[in-house]
Amino acid sequence: MSSRSLRKYGLRTIIAFFVVWLCSHSLSSCGQAGHSYYPDDAWRTSTPEEQGVDSKCLVTMLRDIQSAKLDLHSLLIIRNGYTIAEVYWEPYHKETTHDIKSASKSIMSALVGIALEKRYLKGLNQKITEYFPEYVDESLKKDISLRDLLTMRSGLNWQEGAGPSPFDIKNWRTVSMRDKPGGRFEYNTLLPQMMSAILTKTSKTSARDFAGSFLFSPLGVKNYEWKKGDDGYYCGGSEIFMTPRDMAKFGYLFLRNGSWSGVQVVPSSWIRESTSRKVRLASKTGFYTGLDYGYWWWVQERAYMAWGAGGQYIIVRPDLDLVVVITANSFDKINRYQDFFKSFLEHNIYSAAKSDSPLPADRSAARELRDIARQLEYPKELPRQPMPRTAATISHRRYVLEPNGMGFTSVGLSFDANDKCTWDYSRGEKEVHMLVGLRGNYLIHTADFSMGVRPGGEIIACKGFWKDGNTFVIEHHLLGDPSKQVFELGFVQGKVTMHINAMGMDATIRGTAVD
């Protein structure tokens with residue numbers, strides 16, 4: 001270029017041109033390397049500081065979680081395409097598939113976007129009656145559209161958790177209308193169940209197979225389960241089981257505008273549309289106070305999230321290039337956004353992202369973060385404790401239980417000299433022999449029966465301890481379920497009292513030893 005050209009355009013213009021050219025030839029040189037990365041079965045890892053995040057903030061968060069006794073199962077933080085924190089609480093680990101509960105609705109939303117793009121659905125103004133006229137028994141129901149399903153504004157007279165099963169579209173007939181469609185927001189899991197049925201009808205394949213072909217397969221998601229509803233359709237609004245890493249993949253797909261390894265899996269227009277505010281929720285609306293709603297996505301000020309009961313989250317914060325995944329058993333604090341979870345995110349995770357550029361290395365804090373994560377997933381065994389006299393008295397005895405609504409017919413405990421405990425019980429005609437950890441550690445049992453979580457057989461983790469000289473406590477996890485059951489067995493003079501505490505259950509059963 002001549003000196004005259006230099007004078008004409010100016011040195012700054014030429015430098016700017018060169019920078020643009022350089023960026024077009026090397027994304028990584030412009031700080032966009034993360035945008036061209038897509039994980040396979042594992043995620044690439046980094047220290048938090050390398051991604052502009054303060055390790056000390058994350059260490060403080062984990063210590064606060066423990067001191068507050070928040071019952072988390074996993075926590076993953078992805079920034080710029082790097083895993084900067086991956087934490088599991090025993091007995092959970094990276095391979096454990098977890099029921100993501102109503103976070104499943106956001107996956108169903110993605111399937112709707114794919115179905116629209118592939119013309120299995122014509123548009124969101126289509127009415128339900130076009131697909132299932134047999135379930136439209138009121139004039140107002142004829143006006144319910146696909147958009148009304150996605151925004152939870154069907155007008156049905158519904159109270160979540162207190163009415164008929166949301167996993168059976170036949171109940172569409174039994175639920176009357178309260179409002180005109182498109183008006184008031186009313187959270188309703190029957191609506192995505194109807195969408196699952198519609199998608200099955202139009203695509204001539206199940207929602208699970210549709211997701212497998214067009215969503216999960218491109219992402220490399222293989223290890224997942226999906227339960228069917230009472231109507232034979234796969235549950236549209238709950239009961240998808242995924243690993244936390246695969247949950248993070250789904251969030252990362254949305255962070256990257258629906259693109260994965262050069263393939264547009266979900267239309268970018270649908271990413272923007274479904275995660276933007278469609279319903280402004282009232283200031284005081286129960287557990288979701290402080291949020292707005294998109295198309296089966298919860299919308300924050302600068303983020304959006306898939307949210308399932310008990311603390312199952314996939315959170316996407318585009319301006320921070322951040323994905324957060326949480327699984328938990330928490331129907332109190334973590335399951336309430338305005339009261340707790342909003343400040344938890346702001347103070348512990350969002351504010352830890354100090355910079356878009358790397359921070360100075362903090363090897364001590366990064367090492368401490370790794371050490372805490374390792375201790376939580378693989379806690380040290382507690383020292384051996386002496387057994388109370390009662391242990392020898394009741395060991396290997398069988399106690400017949402009084403009739404009860406839970407089907408337990410007998411129970412017993414067996415201890416040996418090697419710190420092993422077997423919990424024996426009968427439920428109906430089924431006899432179960434469950435290993436129980438005695439030194440603060442869970443023992444895992446693969447069962448050949450279902451207790452309602454995994455239809456093919458449960459994976460159960462148990463640990464126990466003597467609360468006092470006569471009372472043995474068992475913590476019982478159906479792995480992947482956002483709940484924990486606690487059994488307290490009290491033994492006095494040939495009698496047993498078994499107290500069961502779990503979500504929605506607080507029961508006591510009594511029994512007598514059989515000599």
Side-chain angles (χ1 to χ4, degrees), residues 69 71 89-92 329 379-454 457-479 481 483-515:
K69 297 184 178 180
D71 198 353
W89 279 258
E90 193 207 20
Y92 290 89
N329 165 31
K380 294 181 180 179
E381 286 189 345
L382 298 176
R384 178 176 297 174
Q385 298 294 321
M387 293 280 187
R389 292 182 179 179
T390 301
T393 304
I394 61 98
S395 187
H396 300 286
R397 297 190 76 179
R398 177 169 168 262
Y399 292 79
V400 175
L401 301 175
E402 62 188 16
N404 58 85
M406 286 157 286
F408 288 101
T409 55
S410 70
V411 69
L413 296 173
S414 300
F415 299 92
D416 65 21
N418 297 315
D419 289 336
K420 289 185 178 179
C421 172
T422 303
W423 177 27
D424 305 300
Y425 66 83
S426 298
R427 201 170 182 187
E429 297 181 356
K430 186 70 178 178
E431 292 188 2
V432 180
H433 309 284
M434 200 80 62
L435 293 175
V436 181
L438 292 178
R439 298 177 65 179
N441 60 317
Y442 284 97
L443 296 181
I444 310 296
H445 178 86
T446 301
D448 60 356
F449 59 89
S450 175
M451 297 178 71
V453 177
R454 299 177 189 270
E458 304 292 1
I459 305 172
I460 303 172
C462 292
K463 68 178 179 179
F465 62 93
W466 285 97
K467 179 180 177 180
D468 56 43
N470 296 312
T471 307
F472 189 73
V473 178
I474 299 172
E475 292 186 8
H476 177 275
H477 275 272
L478 299 172
L479 287 195
D481 186 58
S483 66
K484 176 176 68 177
Q485 302 78 41
V486 178
F487 293 77
E488 284 197 9
L489 287 81
F491 299 93
V492 178
Q493 296 180 347
K495 304 288 185 179
V496 66
T497 299
M498 184 167 72
H499 182 77
I500 307 171
N501 182 269
M503 185 187 68
M505 180 190 300
D506 193 351
T508 299
I509 306 171
R510 293 176 173 81
T512 303
V514 179
D515 294 325

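Atoms considered below: every heavy atom in the structure, side chains included; atoms not considered: hydrogens, waters and symmetry mates. All of these numbers come straight from a predicted model, not from anything done at the bench.
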At their closest point, which heavy atom of Q485 faces which heavy atom of D481, and how far apart are they? NE2-OD2, 4.4 Å
With a 4.5 Å cut-off on side-chain heavy atoms, are P379 and N441 touching? no
Side-chain contact test, heavy atoms from C-beta onward, threshold under 4.5 Å: evaluate it for E475 versus Y442 and give yes or no. yes
I'd like to know whether the aromatic ring centres of H499 and F487 sit less than 6.0 Å apart in this structure. no
Look at the rings of W423 and H476 and say which category their plane angle falls in: under 30° parallel, 30 to 60° tilted, over 60° perpendicular. perpendicular
Evaluate F415 against W466 for ring-ring contact (aromatic ring centres under 6.0 Å, His included), listing each step before the verdict. CA-CA 12 Å; F415 299 92; W466 285 97; 5.7 Å; yes
Applying the side chain to side chain contact (heavy atoms under 4.5 Å, CB included) criterion to M498, which one of I509, I474, T508 satisfies it? I509
Using side-chain heavy atoms (C-beta onward) and a distance below 4.5 Å, is T409 in contact with L401? no
So do the side chains of T512 and V496 get within less than 4.5 Å of each other, counting heavy atoms only? no
Report yes if the side chains of S414 and D424 come closer than 4.5 Å at any heavy-atom pair, otherwise no. yes
More than 12 heavy atoms of other groups within 6.0 Å of Q493 CD: no
Y425/F408 aromatic ring centres below 6.0 Å: yes
Should T422 and L413 be marked as a side chain to side chain contact (heavy atoms under 4.5 Å, CB included) after you check the CA-CA gap, both sets of side-chain angles, and the distance that decides it? CA-CA 6 Å; T422 303; L413 296 173; over 6 Å; no
Side chains of I444 and P91: does their closest heavy-atom pair fall under 4.5 Å? yes
Apply side chain to side chain contact (heavy atoms under 4.5 Å, CB included) to residues E488 and F472 and explain how you reach the verdict. CA-CA 6 Å; E488 284 197 9; F472 189 73; over 6 Å; no
Candidate pair I460 and L479, rule side chain to side chain contact (heavy atoms under 4.5 Å, CB included), full reasoning: CA-CA 6 Å; I460 303 172; L479 287 195; over 6 Å; no
Verify side chain to side chain donor-acceptor pair (under 3.5 Å) between S483 and N329, making sure each step is shown before the conclusion. CA-CA 5 Å; S483 66; N329 165 31; 5.6 Å; no
Do NZ/NE/NH1/NH2 and the carboxylate oxygens of D448 and K430 come within less than 4.0 Å? yes
L489 and V411, any side-chain heavy atoms less than 4.5 Å apart: yes
Could you check whether atom CD of E381 has more than 12 heavy atoms from other residues, nucleotides or ligands sitting under 6.0 Å from it? yes
Hey, mind stepping through D506 and I500 against side chain to side chain contact (heavy atoms under 4.5 Å, CB included) and telling me if it holds? CA-CA 6 Å; D506 193 351; I500 307 171; over 6 Å; no
What are the two closest non-hydrogen atoms of H477 and K484, and how far apart are they? NE2-CD, 3.3 Å
Counting C-beta onward and ignoring hydrogens, is there a side-chain heavy-atom pair between Y399 and I394 closer than 4.5 Å? yes
